[in-house]
Peer 1: 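Let me begin by handing over the structure; questions about it come next.
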Amino acid sequence: MTTQADDELWSAIGDPSRRQVLDLLVSHGEVSASWLAERVPFSRQAVSKHLVVLERAGLISRRKQGREVLYQVEAGRLDQATRTMAELAAQWDRRLATIKRLAETAYAEKRRPS
């Protein structure tokens, strides 16, 4: 992923309202913005804005069916985001383990009689 793509991804999923929209799309498949607006505590206009951000991040796509626009999750991009988050979590786990080891070593050396 590029830095801009990363920034768009994290910005998109960093907002709780967008995560709620994304969760609905994951659990219900292809749906309209109106359908989503009936199930969230914010306006249809806010739903539309959230959908634009999610689409720009590549997390969802849309298609026209007659007069209606239907939105669906882009599973590949969502999987990529999940893998990226897992990699970041593993990096932080390694960093925290190193900090813990350094702190325990410093504590043990401090407690050691001279």
Side-chain angles (χ1 to χ4, degrees):
M1 276 194 285
T2 67
T3 303
Q4 182 178 355
D6 283 346
D7 290 347
E8 287 177 353
L9 172 67
W10 302 131
S11 175
I13 61 176
D15 181 274
S17 296
R18 281 193 282 277
R19 285 195 308 272
Q20 187 175 7
V21 169
L22 194 57
D23 287 345
L24 285 168
L25 288 168
V26 167
S27 60
H28 294 282
E30 196 175 46
V31 298
S32 69
S34 297
W35 185 91
L36 289 165
E38 293 172 2
R39 286 153 181 84
V40 294
F42 38 91
S43 71
R44 166 77 168 76
Q45 184 178 11
V47 168
S48 293
K49 289 180 181 183
H50 289 309
L51 289 169
V52 168
V53 173
L54 292 168
E55 186 175 16
R56 192 178 307 134
L59 291 165
I60 65 169
S61 62
R62 65 178 149 155
R63 73 175 182 88
K64 259 192 123 133
Q65 181 176 335
R67 293 178 52 196
E68 196 169 45
V69 177
L70 300 175
Y71 296 87
Q72 66 183 13
V73 170
E74 285 297 320
R77 178 67 165 144
L78 194 56
D79 288 343
Q80 181 184 23
T82 301
R83 285 191 307 275
T84 301
M85 285 187 271
E87 290 169 15
L88 287 171
Q91 288 174 9
W92 276 107
D93 286 345
R94 288 189 298 274
R95 290 174 183 153
L96 291 172
T98 299
I99 291 169
K100 179 182 177 191
R101 194 172 55 253
L102 290 170
E104 288 171 345
T105 300
Y107 179 77
E109 287 176 3
K110 185 177 177 183
R111 305 261 317 164
R112 198 176 304 141
S114 303

Peer 1: Ignoring hydrogens and geometry beyond distance, is a side-chain donor-acceptor pair present between Ser48 and Arg44 at under 3.5 Å?
Peer 2: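 Result is yes, a qualifying pair exists.
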Peer 1: Minimum heavy-atom separation for Ala57 to Arg77, with atom names?
Peer 2: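 Where Ala57 meets Arg77 most closely, the heavy atoms are O-NE, 2.7 Å.
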Peer 1: Is there a side-chain contact between Val73 and Leu54, using heavy atoms and a 4.5 Å cut-off?
Peer 2: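 Val73 does not reach Leu54 side chain to side chain.
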Peer 1: With the side chain counted from C-beta on, respond yes when Leu36 and Phe42 share a heavy-atom pair under 4.5 Å apart, and no when they do not.
Peer 2: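 No, too far: nothing below the 4.5 Å cut-off.
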Peer 1: For residues Leu51 and Ala33, report the shortest heavy-atom separation together with the two atoms involved.
Peer 2: CD1-CB, 3.7 Å
Peer 1: Do Val52 and Leu78 land in one hydrophobic cluster if side-chain heavy atoms of ILVMFWY residues count as linked below 4.5 Å?
Peer 2: no
Peer 1: Mind checking whether Tyr107 and Glu104 have side chains closer than 4.5 Å, heavy atoms only?
Peer 2: no
Peer 1: Verify the cluster assignment for Leu9 and Leu88: are they in a single hydrophobic cluster under the rule of side-chain heavy atoms below 4.5 Å apart?
Peer 2: yes
Peer 1: For the backbone of Gly14 and the side chain of Arg18, can you confirm whether one donor and one acceptor N or O come within less than 3.5 Å of each other?
Peer 2: no
Peer 1: With a 4.5 Å limit on heavy-atom distance, are the side chains of Glu55 and Ile60 in contact?
Peer 2: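 The answer is yes; the side chains approach within 4.5 Å.
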Peer 1: Within the supplied structure, the quantity of interest is the number of heavy atoms (other residues, nucleotides, ligands) at a distance under 6.0 Å from Gln45 CD; does it exceed 12?
Peer 2: no
Peer 1: Applying the 4.5 Å side-chain criterion to the ILVMFWY set and letting contacts propagate, would Val26 and Val47 be lumped into a single cluster?
Peer 2: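 Yes, because Val26 and Val47 connect within a single hydrophobic cluster, where side-chain heavy atoms sit under 4.5 Å apart.
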Peer 1: Asp15 and His50: which non-hydrogen atoms are nearest, and at how many Å?
Peer 2: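 Looking at all heavy atoms of both residues, the closest pair is OD1-CE1, 3.7 Å.
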Peer 1: Determine, using the 4.5 Å side-chain heavy-atom cutoff (strictly less than), whether Val31 and Val21 are members of one ILVMFWY cluster.
Peer 2: yes
Peer 1: Could you check whether any side-chain heavy atom of Leu59 comes within less than 4.5 Å of a side-chain heavy atom of Leu25, counting everything from C-beta outward?
Peer 2: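 When only atoms from C-beta onward are counted, Leu25 and Leu59 do not touch, as no gap falls below 4.5 Å.
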Peer 1: With heavy-atom distances below 4.5 Å as the criterion, would you say the side chains of Ser61 and Tyr71 are in contact?
Peer 2: no
Peer 1: Could you check if a side-chain atom of Glu30 sits within less than 4.5 angstrom of a side-chain atom of Arg63, using non-hydrogen atoms only?
Peer 2: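 Glu30 reaches Arg63 side chain to side chain.
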Peer 1: So does Leu70 get a backbone contact from the side chain of Arg62, meaning a donor-acceptor N/O pair under 3.5 Å?
Peer 2: no
Peer 1: Step by step, would you call Thr98 with Arg101 a side chain to side chain contact (heavy atoms under 4.5 Å, CB included)?
Peer 2: CA-CA 5 Å; Thr98 299; Arg101 194 172 55 253; 3.6 Å; yes
Peer 1: Any chance you could lay out the side chain to side chain contact (heavy atoms under 4.5 Å, CB included) test for Glu87 and Trp92, step after step, and finish with the verdict?
Peer 2: CA-CA 9 Å; Glu87 290 169 15; Trp92 276 107; over 6 Å; no
Peer 1: Indicate yes or no: at least one non-hydrogen side-chain atom of Glu68 is less than 4.5 angstrom from one of Trp35.
Peer 2: no
